[in-house]
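Position 1 is the first residue of the sequence, and the numbers go up from there. Quick caveat, the model's predicted, so the values are computed rather than measured.
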Amino acid sequence: MISSRRNDLFTELMYEKNPAYILKNETNFLSTDYKISQNQSDDLFVKCEKVIFNGNIQLFYFIENKVSLCESIEKFSVGEIISVVSSLISQIKKVKENGFLSCQNIDISPNRLFIEPSTKSIKLLYLPLKDRLFNSSNEFEDELRAMLLEIFENTAIQNEPQIHHLIANLKNYSCSINDILNNIIAESPIKNTLKNRIEPAQKITPKLQLVALNTPVNFSITVNKPEFIIGRKQEVVDGYISFNRMIGRIHCKIITQDNQFAVIDLESANGTYLNNIRLQANKISSLKDGDILKLANSEFKVSIG
């Protein structure tokens, strides 16, 4: 269990239904994770805002109309429970595939997992901390299993065939979390809907390439995923630029939707410019073939085709 670790890292507060975490050590705040989590799709994480509370960093989460897993599980039908578990594992799978964020920073306490009532989809609460809630991904998955087992073994429907099978899979440590999700999908009457939810993103067509202009070396970047982060910190970006220290570690992001491309500046110190106009941070700006994109003082020609 992670209760002692939580006590070491932060103090928890509730503002009505909105949880907040006051960090006990401000150096534990991980700005990189915070920025990346802020720029994920709206269906993945509960919205978080960093504020200063009595001189300490506070992470405030906006729950809005969502309900916690622990307060709603008894009200759900078998089918709704299966849908919630599918959504939970699918969301965790997205974080794992993200490549920048860590599942070890997800708070999976039952009162910190939040459900959209209309869709029964889970939104995760991500803590951008250097000291993680879990020491390893195995510890995270073990805690996830234990949490779900504790919930289901104390419900009135634990002997329903689907729930009974789910409990058996959770107790079987040779059955991975992904295997459990695949089993749910295989058995579900809405398996095609669930499958579409977790299938890898389709290859982007057309392609976008950034071709460097007037640089010391020939250099180009090919955008090959729907959210493509560019910067100077090799371990956390998709497009790594090493030749210009004026470019931020996490400088900007290229996004793709319906074969249209756009750029978002990620609060870079030296700016992102589109056709010589500096872009506002965290605002979407459309890209077209032939545009000139400047990161700090390095220019790139946009090539789409």
Exercise: do [X] and [Y] side chains pair donor with acceptor under 3.5 Å:
X	Y	result
S68	N111	no
S268	D265	yes
Q38	K35	no
N172	S174	yes
N270	N297	no
N224	T222	no

Aromatic rings Y126 and F45: how do their planes relate, parallel, tilted or perpendicular, breaks at 30° and 60°?
tilted

Geometric class of the F300/F243 ring pair [parallel <30°, tilted 30-60°, perpendicular >60°]
tilted

Nearest-0.5 Å distance that lies between atom CG in L166 and atom CZ in F152
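CZ of F152 is found 5.0 Å from CG of L166.
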
Short N-O contact, [X] and [Y], less than 4.0 angstrom:
X	Y	value
D107	R6	yes
E299	K294	no
K123	E64	no
E97	K225	no

Consider side-chain contact (heavy atoms from CB on, under 4.5 Å). Of N28, L59, D131, L127, which one does F10 pass it with?
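Answer to the side-chain contact (heavy atoms from CB on, under 4.5 Å) test with F10 among N28, L59, D131, L127: L127.
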
If you draw the axis of the six-membered ring of Y240, does the NZ or CZ of R232 fall within 45° of it and under 6.0 Å from the ring centre?
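Cation-pi check for R232 and Y240: fails.
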
With ILVMFWY side chains joined below 4.5 Å, transitively, what does M246's cluster contain besides itself?
none

If you link ILVMFWY side chains whenever their heavy atoms are less than 4.5 Å apart, which other residues fall into the same cluster as L13? By chain and number, please.
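When side chains under 4.5 Å apart are linked, the cluster holding L13 also contains Y15, I22, F53, F60, F62.
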
Given the rule in the side chain to side chain contact (heavy atoms under 4.5 Å, CB included) test, do I115 and K66 qualify, once you have shown the distances and angles that lead to the verdict?
CA-CA 5 Å; I115 302 169; K66 292 175 278 296; over 6 Å; no

F140/I108 under side chain to side chain contact (heavy atoms under 4.5 Å, CB included): CA gap, chis, key distance, verdict
CA-CA 9 Å; F140 168 80; I108 53 172; 3.7 Å; yes

Distance-minimising heavy-atom pair for L113 and L88:
CD2-CD1, 3.9 Å

Count I, L, V, M, F, W, Y as connected when their side-chain heavy atoms are under 4.5 Å apart, and connections chain through other members. Are L23 and M14 then in the same cluster?
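No, because L23 and M14 fall into different hydrophobic clusters, even though each may have its own neighbours under 4.5 Å.
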
Set of salt bridge (Lys or Arg N to Asp or Glu O under 4.0 Å) partners for E153, sequence neighbours left out
K171

